[in-house]
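All remarks here apply to the structure that follows.
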Amino acid sequence: MNLKIYNTLSKEKELFIPLDKNLIKMYVCGPTVYNYAHIGNARPAIVFDVFFRLLKSIYPKVLYVRNITDVDDKINNAAKELNEPISSITNKYTDIYHQDMDSLFVLRPDIEPKVTENIEHIILMIQKILDNGYAYENEKHVLFDVTSFNDYGKLSKRNKEEMLSGARVEVASYKKYPGDFVLWKPSENDDPGWDSPWGYGRPGWHIECSAMVDKFLGQEIDIHGGGQDLIFPHHENEIAQSCCANKNTKYAKYWIHNAYLKMEGEKMSKSLGNIISIKELLDNYDGEVIRLALMSTHYRKPINFGESLLEQSKNILNKLYKNLEYDSNDDTISKDVLSPLLDDLNTPLAISNLQKIKCSKTLLNSANILGLLNRSKDEWFSLNENLSISEEDIKSLIKERDEARKSSDFKRADEIREKLDKNNVVLEDVKGKTTWRAKK
RNA sequence: GGCUGUGUGGCAGAGUGGUUAUGCUGCGGUCUGCAAAACCGUUUACGCCGGUUCGAUUCCGACCACAGCCUCCA
């Protein structure tokens, strides 16, 4: 059973060879909790959830860490705007993020560290980088000295000159070199802050992930994931920090990045007003439908998100649930689902093959590795908040219709069918027996 | 401007140097009192232009279009 994954580092599909096959270590960059998570945020969560499930099915133990960023200037700004304490913002949106992820059937990572709870290790890490001569202190800031690290740019495939030629932002006075980035910065007034060897302040953006990986997973890990936009500068800087703190040339063995999503062909942006939160979407679509929609395109390709994709996903799920006859403890997984997943997580092909499975047991097990078919058939088809009629009324109407049909009063029978249809109830006459289900 | 990536039938989306996945939708049919479900059938696609080849959607080159990144955005 060979797993192949595309590694951003080599720009090639590689055979996955774990550092230790008894313990797989995976880290994914998590959310900054200052607002509702939008649909774009759901993509990496779902992609790496499938990876997590797949790895767990192959290896005895997988340790999955995903951080929560609760120190960030965006959070500070949100707190000021709403005139609320920072902790109430971060707590609120952390809870909402968890709810959203649960609704999408995204498994919780094994460890979900917060920046605020790990400042000590961040300070320790920065100190090591300073001690090793890869950083400097200036105007109350600690900065990473990019020119001191030869491998800088190896992930994003950029050289230092290229990066500078395109720089659009004025260089801060405390930087020796325009490409240098902040490890620690001073805090003033209401800013959250902690005492450190360099004064009262807070960590820069990139150091938290290096510190979390170091603390919870160690110096070297198997997989590091995130959105494509994080390749530069975030992940490039993480490599620099971790390698220089630990005097190690290695950090993450496989770098995996998911592509973006577009809204109905357009990019998602505030000015277009087409940013949609997971929460809003969940009002209209089941979490599994959204999940399937986000898996219907390969993770390294842009996905065109929209109503038609959601409708299509809903139809597929209805069909899959229809084929689900009973639950079971059997653990057979279809080879036609597993092997596409083993080939760089080809979810579209796996989903396509899923629809061809005839055996209900195998269907369920195979779907579960994708995080699908989480409910029973009955549960799925009666799940409908729009059902404006009680089960009792439905049953008595069915009975009335049966009698009408027996006496060939088809006009009345059709009236009842129509009435139920308006209440989102679909009737099916199978083998002389009438069953009902909610219209999805 | 630099770097990276994408371009397949109404839609979604695999894949491949030559035997034209698959799903959804639509349409037609079987079935049904009517429906639903199920099953059957169905419009032969790979951005544009060259090159390599007996043959390219698949390899190579140019072009076009679109997207992302270029210091804190998944």
Side-chain angles (χ1 to χ4, degrees), chain A residues 8 11 28-32 37-48 69 72-74 144 146 153 156-159 161-172 175 178-182 185 203-208 225-234 236-237 257-262 265-270 292-293 296-298 300-304 306 308-316 318-320 322-323 336 340 343 346-356 404-405 408-411 413-414 417-418 421 426-431 434-437 439:
Chain A
T8 308
K11 289 173 71 181
V28 173
C29 295
T32 302
H38 59 71
I39 185 61
N41 297 310
R43 193 173 191 193
I46 290 172
V47 164
F48 292 104
T69 300
D72 188 288
D73 289 352
K74 289 193 294 290
F144 187 91
V146 165
S156 54
K157 313 285 182 278
R158 296 160 198 237
N159 61 50
E161 291 69 34
E162 267 169 24
M163 286 183 265
L164 296 186
S165 68
R168 292 177 297 199
V169 175
E170 216 176 304
V171 180
K175 289 186 182 182
D180 292 349
F181 56 93
V182 171
K185 58 184 169 186
W205 175 37
H206 316 290
I207 191 67
E208 60 175 274
Q228 235 162 32
D229 58 317
L230 295 177
I231 296 172
F232 188 87
H234 185 58
E236 195 68 63
N237 292 355
H257 295 97
N258 64 276
Y260 263 52
L261 69 81
K262 292 190 287 183
E266 288 186 309
K267 72 174 188 178
M268 198 161 53
S269 78
K270 269 184 191 157
L292 181 60
S296 63
T297 300
H298 185 91
R300 285 192 285 116
K301 274 192 176 181
I303 187 167
N304 195 6
S308 64
L309 178 65
L310 287 162
E311 288 300 324
Q312 186 169 309
S313 303
K314 188 162 77 177
N315 286 335
I316 290 170
N318 278 337
K319 202 179 158 190
L320 288 175
K322 227 168 262 162
N323 292 336
D336 293 334
D343 184 12
N346 191 340
T347 50
L349 189 56
I351 291 164
S352 174
N353 290 338
L354 195 64
Q355 293 170 76
K356 290 181 231 163
R405 289 173 73 209
S408 298
D409 183 1
F410 296 121
K411 193 168 169 262
D414 288 349
R417 176 186 287 290
E418 233 168 273
D421 185 75
V426 180
L427 296 185
E428 290 182 22
D429 300 326
V430 186
K431 290 175 191 164
T434 302
T435 59
W436 71 274
R437 61 181 167 81
K439 201 197 278 179

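Only heavy atoms go into these numbers, but all of them, side chains included; no hydrogens, no water, no symmetry mates. Naming: A, B, ... by sequence-line order, numbering from 1 per chain.
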Would you measure the distance from the C1' atom in A21(B) across to the matching atom in U8(B) and give it in whole Å? 12 Å
Between A14(B), A36(B), C73(B), which nucleotide gets closest to the side-chain atoms of Leu349(A)? A14(B)
It should be established whether Lys11(A) places a side-chain nitrogen or oxygen under 4.0 Å from OP1 or OP2 of nucleotide G5(B). yes
Determine the contact category for Thr297(A): base if any of its heavy atoms lies under 4.0 Å from a base atom, sugar-phosphate if only primed atoms, P, OP1 or OP2 are that close, otherwise nothing. sugar-phosphate
Determine which bases of RNA chain B form Watson-Crick or G-U wobble pairs with both distances under 3.5 Å, and write the result as a 5' to 3' dot-bracket string with | for other-strand partners. (((((((..(((.....[...))).(((((.......)))))....(.(((..]....))).))))))))....
Please determine if a side-chain N or O atom of Asn353(A) lies less than 4.0 Å away from the OP1 or OP2 oxygen of U22(B). no
Can you name the side-chain hydrogen bond (donor to acceptor under 3.5 Å, both in side chains) partners of Asn237(A), sequence neighbours left out? Tyr152(A), His206(A)
Candidate nucleotides C69(B), G23(B), A36(B), ranked by approach to the side chain of Gln355(A) - the nearest: G23(B)
Less than 4.0 angstrom between a side-chain N/O of Lys301(A) and OP1 or OP2 of G7(B), yes or no? yes
Any N or O donor-acceptor pair under 3.5 Å from the base of G5(B) to the side chain of Gln228(A)? no
On a whole-Å scale, what distance lies between the C1' atoms belonging to U16(B) and U71(B)? 42 Å
Applying side-chain hydrogen bond (donor to acceptor under 3.5 Å, both in side chains), name anything that partners Ser296(A), two or more places apart in sequence or on another chain. none
Leu427(A) near the nucleic acid: base, sugar-phosphate alone, or nothing, with a heavy-atom cut-off under 4.0 Å? base
Please work out if Leu261(A) contacts a base, only the sugar-phosphate, or nothing of the nucleic acid, heavy-atom cut-off 4.0 Å. base
Nucleotide of U71(B), A36(B), C72(B) approaching Arg437(A) most closely (side-chain heavy atoms): A36(B)
Rounded distance in Å between the C1' positions of A45(B) and U53(B): 23 Å
Report the nucleotide, chosen from G13(B), C11(B), G23(B), that has the shortest atom-to-atom distance to any side-chain atom of Pro348(A). G13(B)
Looking at the side chain of Ser352(A), which of U22(B), G23(B), U71(B) is the nearest nucleotide? U22(B)
C1'-based separation of C66(B) from U25(B) [nearest Å]: 26 Å
List every contact pair, protein side and nucleotides 27-33 of chain B side both N or O, where the distance is under 3.5 Å.
{"residue": "G33(B)", "atom": "O6", "partner": "Arg401(A)", "partner atom": "NH2", "Å": "3.3"}
{"residue": "G33(B)", "atom": "O6", "partner": "Arg405(A)", "partner atom": "NE", "Å": "3.3"}
{"residue": "G33(B)", "atom": "N1", "partner": "Asp414(A)", "partner atom": "OD1", "Å": "3.0"}
{"residue": "G33(B)", "atom": "N2", "partner": "Asp414(A)", "partner atom": "OD1", "Å": "2.8"}
{"residue": "G33(B)", "atom": "N2", "partner": "Asp414(A)", "partner atom": "OD2", "Å": "2.5"}

Reckon His257(A) touches a base, only the sugar-phosphate, or nothing at all at heavy-atom distances under 4.0 Å? nothing
Answer with base, sugar-phosphate or nothing: what part of the nucleic acid does Leu230(A) contact at a heavy-atom distance below 4.0 Å? sugar-phosphate
How would you list, by chain and number, every residue that makes a side-chain hydrogen bond (donor to acceptor under 3.5 Å, both in side chains) with Asp414(A), sequence neighbours excluded? none
Quick note, Gln312(A) side chain, CB onward, closest among C72(B), A74(B), C11(B) is C11(B)
Once you apply a heavy-atom cut-off of 4.0 Å, does Glu428(A) come out as touching a base, just sugar-phosphate, or nothing? base
Could you state the CG-C1' distance from Leu320(A) to C24(B), rounded to the nearest angstrom? 12 Å
Is Lys319(A) close enough to C24(B) that one of its side-chain N or O atoms is under 4.0 Å from OP1 or OP2 there? yes
Tyr260(A) side chain, from C-beta outward: closest of C72(B), C69(B), C24(B): C69(B)
Please give the distance between the C1' atoms of G9(B) and U57(B) as a whole number of Å. 13 Å
More 5' along RNA chain B: Asn41(A) or Glu311(A), using each one's nearest nucleotide? Glu311(A)
List in chain and number order the residues that pass side-chain hydrogen bond (donor to acceptor under 3.5 Å, both in side chains) with Lys356(A), two or more places apart in sequence or in another chain; answer none if no residue qualifies. Asn353(A)
